[in-house]
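The analysis underlying the following values was restricted to heavy atoms, covering all of them including side chains, and did not include hydrogens, waters or symmetry mates.
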Amino acid sequence: MKLLLDTHILLWAAGQPERLSQSARNLLTSRENSLIFSAASIWEIVIKLGLGHKDFKVDPYRLRKELVAHGYAELPVTAEHALRVGSLPPLHKDPFDRILLAQARSEGLVLLTTDSAVAQYGDSVVVV
C-alpha cells in the first residue's frame with residue numbers, strides 16, 4: 001500500500017515514534033507499504049515553526065534530508081492537486097489536511113492520519 005503521511009504522523013515517525021499508535025507503527029514498518037511525504041507537510045512545518053507552535057520544533061531542512069535518506073518518497077504539490085481541493089466537500093477546513101487528501105485521491109494513495117475529522121471523507125483515509 002502507498003501511504004501518504006499527514007504532518008503529525010510524519011513528525012512523530014521521524015522524531016517521536018512513541019507517540020504513534022501500534023497500528024501506525026505496524027503500517028510504517030511493513031515492507032509491503034511505501035511511505036510518502038508531501039511538500040505540503042514541509043510547508044506546514046515551516047509555517048507553524050515560524051509561528052512558534054510547540055509541536056513543530058524541528059529543522060525542516062534536516063527532516064526532509066533524513067526522510068529521503070530513509071527511503072521516503074517526496075510528493076510535490078501540483079496544480080492538479082490544488083484544483084482537486086475544490087471538489088472536496090467542506091467537511092474539514094484545515095487547508096493542509098485538504099491538500100493532503102486531494103493529493104492522496106489524485107495519486108491513488110492512502111492518507112494516514114490521526115485526525116478523525118479527516119476520516120469523514122471515507123475513501124483514501126486511514127485513521128490510526
Side-chain angles (χ1 to χ4, degrees):
M1 182 168 26
K2 293 181 178 183
L3 300 173
L4 177 62
L5 279 58
D6 85 353
T7 307
H8 278 100
I9 289 183
L10 187 67
L11 287 168
W12 297 344
Q16 298 176 299
E18 67 280 0
R19 294 189 69 180
L20 294 167
S21 68
Q22 187 61 51
S23 59
R25 279 184 248 150
N26 291 344
L27 287 167
L28 295 176
T29 57
S30 172
R31 292 178 183 230
E32 295 178 15
N33 295 331
S34 300
L35 305 179
I36 303 161
F37 72 96
S38 172
S41 289
I42 301 301
W43 178 33
E44 180 179 11
I45 291 165
V46 169
I47 288 172
K48 292 185 176 177
L49 179 65
L51 294 172
H53 289 230
K54 64 180 180 176
D55 287 349
F56 292 84
K57 294 202 185 281
V58 62
D59 178 347
Y61 292 98
R62 182 174 178 203
L63 175 63
R64 181 185 175 275
K65 180 180 175 182
E66 292 296 319
L67 289 168
V68 171
H70 284 91
Y72 287 65
E74 182 176 352
L75 179 62
V77 176
T78 67
E80 179 184 336
H81 298 148
L83 291 167
R84 188 80 181 251
V85 170
S87 70
L88 297 174
L91 302 174
H92 192 41
K93 296 187 190 271
D94 183 290
F96 296 107
D97 288 334
R98 290 175 62 81
I99 192 69
L100 291 174
L101 181 59
Q103 286 184 296
R105 287 185 170 184
S106 294
E107 303 296 330
L109 308 173
V110 173
L111 177 60
L112 192 62
T113 184
T114 60
D115 189 339
S116 58
V118 177
Q120 296 177 81
Y121 288 99
D123 64 333
S124 305
V125 179
V126 171
V127 178
V128 289

Undergrad: Can you get from L11 to V127 by hopping between Ile, Leu, Val, Met, Phe, Trp and Tyr side chains that sit under 4.5 Å apart?
TA: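 No; tracing contacts between hydrophobic side chains, which count when under 4.5 Å, never links both residues.
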
Undergrad: When you compare the side chain of H81 with that of I99, does any pair of heavy atoms fall below 4.5 Å?
TA: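 When only atoms from C-beta onward are counted, H81 and I99 do touch, with a gap below 4.5 Å.
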
Undergrad: Cluster question for you: counting only ILVMFWY and a side-chain heavy-atom cut-off of under 4.5 Å, with indirect links fine, are L20 and V58 together?
TA: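 Result: yes, single cluster for both.
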
Undergrad: State whether the side chain of Y121 and the backbone N or O of L91 hold a donor-acceptor pair below 3.5 Å, judged by distance alone.
TA: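 Present.
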
Undergrad: Does anything in residues 52-73 pair up under salt bridge (Lys or Arg N to Asp or Glu O under 4.0 Å), and if so which pairs, sequence neighbours excluded?
TA: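 Every salt bridge (Lys or Arg N to Asp or Glu O under 4.0 Å) pair that includes a residue of residues 52-73, provided the two are not neighbours, is R64-E74.
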
Undergrad: Hey, which of D94, L101, T113 is the one that makes side chain to side chain contact (heavy atoms under 4.5 Å, CB included) with D6?
TA: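 Answer to the side chain to side chain contact (heavy atoms under 4.5 Å, CB included) test with D6 among D94, L101, T113: T113.
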
Undergrad: Please check if the side chain of S87 supplies one atom and the backbone of R84 the other of a donor-acceptor pair under 3.5 Å.
TA: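 Side chain of S87 to backbone of R84: a pair is present.
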
Undergrad: Within the 4.5 Å heavy-atom criterion, are P60 and L49 side-chain neighbours or not?
TA: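 The answer is yes, as the side chains (C-beta and beyond) meet within the 4.5 Å cut-off.
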
Undergrad: Indicate, with yes or no, if L27 and L67 share a hydrophobic cluster defined by side-chain heavy-atom contacts under 4.5 Å among Ile, Leu, Val, Met, Phe, Trp and Tyr.
TA: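 Per the 4.5 Å side-chain linkage, L67 and L27 are co-clustered.
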
Undergrad: Are any of the side-chain heavy atoms of I47 and F56 separated by less than 4.5 Å?
TA: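 Answer no - side chains too far apart.
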
Undergrad: Determine the minimum heavy-atom distance between G15 and P17, stating which atoms define it.
TA: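 Nearest pair, atom of G15 first, then P17: C-CD, 3.5 Å.
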
Undergrad: Please find the pair of heavy atoms, one from F96 and one from A40, that lie closest to each other, and give the distance.
TA: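 Nearest pair, atom of F96 first, then A40: CD2-O, 3.8 Å.
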
Undergrad: So, does N33 use its side chain to make a donor-acceptor pair with the main chain of M1 at under 3.5 Å?
TA: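 Indeed, once roles are kept as given, a pair shorter than 3.5 Å links the two residues.
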
Undergrad: So do the side chains of S41 and L5 get within less than 4.5 Å of each other, counting heavy atoms only?
TA: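 No. Closest side-chain heavy atoms not under 4.5 Å.
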
Undergrad: Say you draw a straight line from CG of L4 to OG of S34; how long is it, rounded to the nearest 0.5 Å?
TA: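 Reported to 0.5 Å precision, the distance equals 12.0 Å.
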
Undergrad: Are L100 and V118 joined in one hydrophobic group, where the rule is that I, L, V, M, F, W and Y side chains link up if heavy atoms are under 4.5 Å apart?
TA: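 Shared cluster, yes.
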
Undergrad: Within this structure, what is the CG-CG distance for the pair L35 and L112, rounded to the nearest 0.5 Å?
TA: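 It comes to 9.0 Å.
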
Undergrad: If the plane angle is over 60° it's perpendicular, under 30° parallel, otherwise tilted; pick one for W12 and H8.
TA: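 Answer is tilted, since the angle falls between 30° and 60°.
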
Undergrad: F37 and W43: same hydrophobic cluster, using ILVMFWY side-chain contacts below 4.5 Å?
TA: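 Different clusters.
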
Undergrad: So for atom CD, which belongs to E32, do other residues, nucleotides or ligands contribute more than 12 heavy atoms lying within a distance under 6.0 Å?
TA: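 No - once you tally the heavy atoms of other residues, nucleotides and ligands closer than 6.0 Å, there are 12 at most.
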
Undergrad: With rounding to the nearest 0.5 angstrom, report the CG to CD1 distance, L3 to I36.
TA: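 Interatomic distance, L3 CG to I36 CD1, rounded to 0.5 Å: 7.5 Å.
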
Undergrad: Without swapping roles, check the side chain of Q103 against the backbone of P76 for a donor-acceptor pair under 3.5 Å.
TA: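 Yes.
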
Undergrad: Say you draw a straight line from CG of L111 to CG of D123; how long is it, rounded to the nearest 0.5 Å?
TA: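 Interatomic distance, L111 CG to D123 CG, rounded to 0.5 Å: 11.0 Å.
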
Undergrad: If you compare all heavy atoms of L109 against all heavy atoms of S124, which two are closest, and at what distance to 0.1 Å?
TA: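 Of all heavy-atom pairs spanning L109 and S124, the closest is O-CB, 3.9 Å.
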
Undergrad: From I45 CD1 over to L63 CG, what is the distance, rounded to the nearest 0.5 angstrom?
TA: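 Interatomic distance, I45 CD1 to L63 CG, rounded to 0.5 Å: 5.0 Å.
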
Undergrad: Could you tell me the separation between the CG atom of D97 and the CD atom of E44, rounded to the nearest 0.5 Å?
TA: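 If I round to the nearest 0.5 Å, the distance is 7.0 Å.
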
Undergrad: Checking the side chain of R98 only, and the main-chain atoms of H92 only, is there a donor and an acceptor separated by less than 3.5 Å?
TA: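 The answer is yes, because a donor-acceptor pair under 3.5 Å joins these two groups.
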
